[in-house]
Amino acid sequence: METTYQPHEIESSWYQTWEEKGYFAPQGGDSSYCIMIPPPNVTGSLHMGHAFQHTIMDALTRYKRMQGNNTLWQVGTDHAGIATQMVVERRLAAESQQTRHDLGRDAFIEKIWEWKEESGGTITNQMRRLGNSVDWANERFTMDSGFYHAVQEVFIRLYDEGLVYRGKRLVNWDPKLHTAISDLEVENKEVQGKMWYLRYPLADGVKTAAGEDHIVVGTTRPETMLGDTGVAVNPDDDRYKDLIGKFIELPLVGRRIPIVGDEHADMEKGSGCVKITPAHDFNDNEVGKRCNLPMINVLTFNADIRDEAQTFNTDGSVNEDISGFIPEKYRGMERFAARREIVADLKAAGLLVKIEENAMTIPYGDRGGVVIEPMLTDQWFADAKTLAKPAIEAVKNGDIQFVPQQYENMYNAWMNNIQDWCISRQLWWGHRIPAFYDNEGKVYVANDKEAARQKYGLDQEVELRQDDDVLDTWFSSALWTFGTLGWPENTQRLQTFHPTDVLVTGFDIIFFWVARMIMMTMHFMKDEDGKPQVPFKTVYVTGLIRDESGDKMSKSKGNVIDPLDMIDGISLPDLMAKRTGNMMQPQLAAKIGKRTEKEFPEGISAHGTDALRFTLAALASTGRDINWDMKRLEGYRNFCNKIWNAARYVLMNTEGEDCGQLSTNGQSGAVELSLADRWIASKLQEVEAEVVKHFDEYRFDMASQTLYDFIWNEYCGWYLELSKPVLWDEAASAEAKRGTRRTLVRVLETLLRLAHPIMPYITEEIWQQIKGLTGKEGDTIMLQPFPEASKDKQDPAAEADIEWLKGMITGVRNIRGEMGISPAKELEVLLQNGSDKDQARLTANHTFLSKLAALSSITWLNPGDEAPMSATQLIGGMKVLVPMAGLINKDAELARLQKELDKLQKEVGRVEGKLSNEKFVSNAPEVVIAKEREKLDAAKSSRDKLQEQHDKIAAL
RNA sequence: AGGACUAUAGCUCAGUUGGUUAGAGCGCUACCUUGACAUGGUAGAGGUCGGCAGUUCGAAUCUGCCUAGUCCUACCA
């Protein structure tokens, strides 16, 4: 083995071996375990958040697989409608200055499929490097042919059940992407805007209660006044209630619009009068419905002013009676230009009362990045309220649990107030809606035209054309847990693995995906009793991975790191190029370059997959965002090196040697276990139990902490050192040597299995090299049983003895450290006041103590003997004395003792205070009081002994 | 406006039903090329647990208020 850990060399081949041998596929077994990957965008690449979630999923998968479950981690990708279409449109523009319209629908979609083939390998390659043990043989895609059927089936059935419908509704319209988007895809941003107060003249000579010939309305979007169809006042508002039923003459347009009474008008706010534009505002739309006001759409799909407005009745039918007149000068104007013009014209007409600064939130499209317009269009909707009912119930009754639980609140709040889901998108890339129209616009929903004719009894002569729209990406990914397993066929995989066990995902897509998956699954998947099946039993919600200062990682901030670059390393120039290349906002490049240079002056060095995974696991405390810290990664890379070198040590001392019974070396000598052997084996049982518990509770941070602490401090720090005296001592028996060799190997082998779910590569590599020494058979650690703690290996006496030994050794080392005695200098040590147990322990551990503390002699003094001047440590009641002559500086020792004394005195004072408190003694449980008494006695006795020592030395 | 979360060592974070001398990694100080490992070893320093009240014999932990920050939802004529 190499003297230092070289991750690249061991990682390159193992994954291929595992995959070729089919270890990732379900291995059979009585109980099944299944995780569905949240499908990443097929043309994207994995970022740190993915690496994080994948580490958790893979750790769970490997853990459950080793425990003997029939385990499936289902892999696949999402077609990601808008995101992917935008990428390809950008590329098309860059390559040939063409738009998708230049190509036409079919050719453009063909282009996207090409791009998918070209770039789809990025993610799979990344996943392989991350060691993800997914079932590649059954990889799925949300637009593969199986999904195509599942999506059609779902849509048609929902339509037939009345849970999907089409209607002319006000939706969030993205004027850049030319599509409707759902409420969730709108990002509200805080901005400083303006509120304009406009004077609307009353028609027919009517006057307000205050005698004025106009009323005042406020608006933040003056251009929408072109579509006003009413003004609302509160029916209880004495200032205006008499005006209800009277009319306004709409400025600039000249339309007569009614004054209506509606609760929506808040008497306290603004003037108390509200202009009503049902085609361009969600609230106004509601008012319009209540007061039977027509809808006038004044915007094009670009959000420019139309040449002539579209006019509709309240129910969405076309209204032929109202004029769609728009003053000529505004026609074709961009919306914000029209706003400026209209304000200027109103001002010129003396109708602008005032302008106020107004802090407000403005809706932006999360993809297109432009201001969203509420737009009146024909769209498809899903009846989310009905679908949500069982989904709410499933979380309420515990069939589905969120980890951490707090996310259930978030889920419930949203689900209880859910709005119908706009599922149609005016895009080309996606599942085209299986709806067909005849020439009268009548709709038929079926798989294809033929099926539609049959289903609805239409003649061949009836011309049908398919709906141009596609479904929201989330509509298909909502079917992920059962669609990937073969639904609508009732496949073996579906029966075996559904419901799945745990979903690992970020809180940011609980609404987008998790909630919808629960709704869809429970509607379509039923068990034998017809009871709705949940898609998964547990939702493990991860936090976001942020950069070291807590900022979200994003391309425009220039703080993203490709997980592969942490694994393989990357030079500064390459990293700079990666971060600043192909940017949406090239002007940021210089700043990002500087930042990168400062952050990584030497680039990033290679750390290996295992170190990255271990770091992510160690940072995975539940429900918390993670601020990424390169130092942590380095630390855990060092941990890998530690394991590597411990394995080297073990191999050097066991390979070709007799490791006792059950070894496959051909020898099988008798074995005697040293105290240290029994101790480490005993401690190992605790670790096994803890790791299992932590995995079962999704506490990967605790699991990694437990492993780190035990491997580094106990196994490497103490046990390997304690093995040396046995292995290297001529006098030690052959039995003892075999016992220690066997323990060295077996504990290491067990630790490798414990750590394997988190660090697959290094554990496999080392396991392969030591398996023969343990008598293990098997081709891979992946399919070895996960360790289980056994009670009969626990040895409390050995644990206590080693604790004592550690105390002795640390005590002497402390004296060395504080007194400045060279570690090379062998010391003579005197012991005094030891109990029988101390004496027995000393006898049993004389060699360990001498070697590890570097002692030349250990001598017992009788209780009354006068000790030479010494530096002193107390181990329980026993004094450990290191004679000072020629070694120790008197002042230093006095200072050291004084420091100890101060500590003890403080402790004595604290505990005495507690125990003299009548209330404490009478109220606290007996155990707690006894513990305090013990503490007090120990502290007092130690203090007195040290005081005595201090006085002696001081008197010199 | 409603809700959730966060605040612990210089930094990044643990601390599971209230009872520890409040922990880890990194960083810091001193010493050490001891035959697994300097990606190492040994010994240290460093915290009035955001603030104020309260409950309790006892609070980092429970309650209330306040401050700072993050996020979600809704609304803003």
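Of the inter-residue distances, the one linking A:K806 atom NZ with A:E714 atom CD reads 3.5 Å to the nearest 0.5 angstrom. Atom CE of A:M652 and atom CG of A:L727 lie 11.5 Å apart (nearest 0.5 Å). To the nearest 0.5 Å, the span separating SG on A:C291 from CG on A:D284 amounts to 10.5 Å.
A:C640 comes within contact range of no nucleotide atom at all, as no heavy-atom separation falls under 4.0 Å. Contact annotation for A:D266: base contact, defined as any heavy-atom pair under 4.0 Å involving a base atom. Contact annotation for A:I276: no contact, since no heavy-atom pair falls under 4.0 Å across all strands. Residue contacts shown for A:T220 are limited to sugar-phosphate atoms, with no base heavy atom under 4.0 Å away. Residue-level contact check: A:E721 touches the bases, meaning some heavy atom is under 4.0 Å from a base atom. Backbone-only engagement by A:T810 is indicated by non-hydrogen atom pairs under 4.0 Å involving sugar-phosphate atoms exclusively.
Residue A:E357 places its CD atom among more than 12 non-hydrogen atoms of other residues, nucleotides or ligands, all under 6.0 Å distant.
Contact annotation: A:W712 reaches the phosphate of B:rG41 (side-chain N/O to OP1 or OP2, under 4.0 Å). Contact between the side-chain N/O atoms of A:N645 and the OP1/OP2 oxygens of B:rU39 is not found at any separation under 4.0 Å. Taking side-chain N and O atoms only, A:K825 has no distance below 4.0 Å to OP1 or OP2 of B:rC31.
Across the strands present, B:rG58 finds no partner; the criterion is a Watson-Crick or G-U wobble pair with both atom distances under 3.5 angstrom. As the counterpart of B:rU21, no nucleotide is assigned, since no Watson-Crick or G-U wobble pattern has both distances under 3.5 Å. As the counterpart of B:rU16, no nucleotide is assigned, since no Watson-Crick or G-U wobble pattern has both distances under 3.5 Å. Nucleotide B:rC37 forms no Watson-Crick or G-U wobble pair with any nucleotide shown, as no partner meets the under 3.5 Å limit on both distances. When both distances must be under 3.5 Å, the Watson-Crick or G-U wobble mate of B:rU70 is B:rA4. Base pairing of B:rG10: its partner is B:rC26, meeting the Watson-Crick or G-U wobble criterion (both donor-acceptor distances under 3.5 Å).
In this pair, A:W728 lays its aromatic ring flat on the base of B:rG35, centres within 5.5 Å and planes under 30 degrees apart.
Distance noted for atom P between B:rU70 and B:rC75: 23 Å (whole Å). Distance noted for atom C1' between B:rC11 and B:rG51: 23 Å (whole Å). Taking atom C1' on both B:rA9 and B:rG44, the two are 15 Å apart, rounded to the nearest angstrom. Across the P atoms, B:rA43 and B:rG25 are found 13 Å apart, a figure rounded to whole Å. Nucleotides B:rU48 and B:rG10 place their P atoms 8 Å apart, quoted to the nearest Å. Only the C1' atoms considered, B:rU29 is 38 Å distant from B:rC5, to the nearest whole Å. When the C1' atom is compared between B:rC13 and B:rC49, the two are found 14 Å apart, to the nearest whole Å. With both ends at atom P, the span from B:rG41 to B:rU8 equals 29 Å, rounded to whole Å.
Ion pairing between a basic and an acidic side chain is recognised when a charged N comes within 4.0 Å of a carboxylate O; A:E690 and A:K693 show no such pairing. Salt bridge status for A:K851 with A:D729: absent, with no side-chain N to carboxylate O gap under 4.0 Å.
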### Message
Please encode protein proximity along nucleotides 12-25 of chain B as a string of B, S and -, counting only heavy-atom distances under 4.0 Å.
### Response
BSSSB--BSS--SS

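RNA chain B is contacted by both A:H264 and A:Y5; A:Y5 maps to the nucleotide lying nearer its 5′ end (nearest heavy atom per residue). Closest-nucleotide positions on RNA chain B for A:R816 and A:Q406 were compared, and the one nearer the 5' end corresponds to A:Q406.
For the pair A:Q405 CD and B:rC5 C1', the interatomic distance rounds to 15 Å; values are reported in whole Å. The distance from atom CD1 of A:I762 to atom C1' of B:rU39 is 12 Å, rounded to the nearest whole Å. Taking atom CD of A:E900 as the reference point, atom P of B:rA43 lies 14 Å away to the nearest angstrom. For the pair A:N412 CG and B:rC72 C1', the interatomic distance rounds to 14 Å; values are reported in whole Å. When the P atom of B:rA43 is taken as reference, atom NZ of A:K806 falls 11 Å away, rounded to whole Å. For A:L544 and B:rC5, the CG to P distance is 18 Å, given to the nearest whole Å. Between the CZ atom of A:R648 and the C1' atom of B:rU39 there is a distance of 13 Å, rounded to whole Å. Note: CD (A:E634) to C1' (B:rC11) measures 14 Å, nearest angstrom.
Checking B:rU39, B:rA43, B:rG41 against the side-chain heavy atoms of A:N814 singles out B:rA43 as nearest. Side-chain proximity of A:F507 to the nucleotides B:rU39, B:rC71, B:rG41 is greatest for B:rC71. Checked against B:rC72, B:rA4, B:rU39, the side chain of A:M410 finds its nearest nucleotide in B:rC72.
Looking at A:N713 and A:D709, their side chains do bring a donor and an acceptor atom within 3.5 Å of each other.
Judged by distance alone, with hydrogens and angles left aside, the side-chain atoms of A:R816 form a donor-acceptor pair with the main-chain N or O of A:K825 at under 3.5 Å. Of the possible donor and acceptor atoms, one in the side chain of A:S856 sits under 3.5 Å from a partner among the backbone N and O of A:L827.
In this structure, A:K724 forms a cation-pi arrangement with A:Y649, its terminal cationic atom sitting closer than 6.0 Å to the ring centre and no more than 45° off the ring axis.
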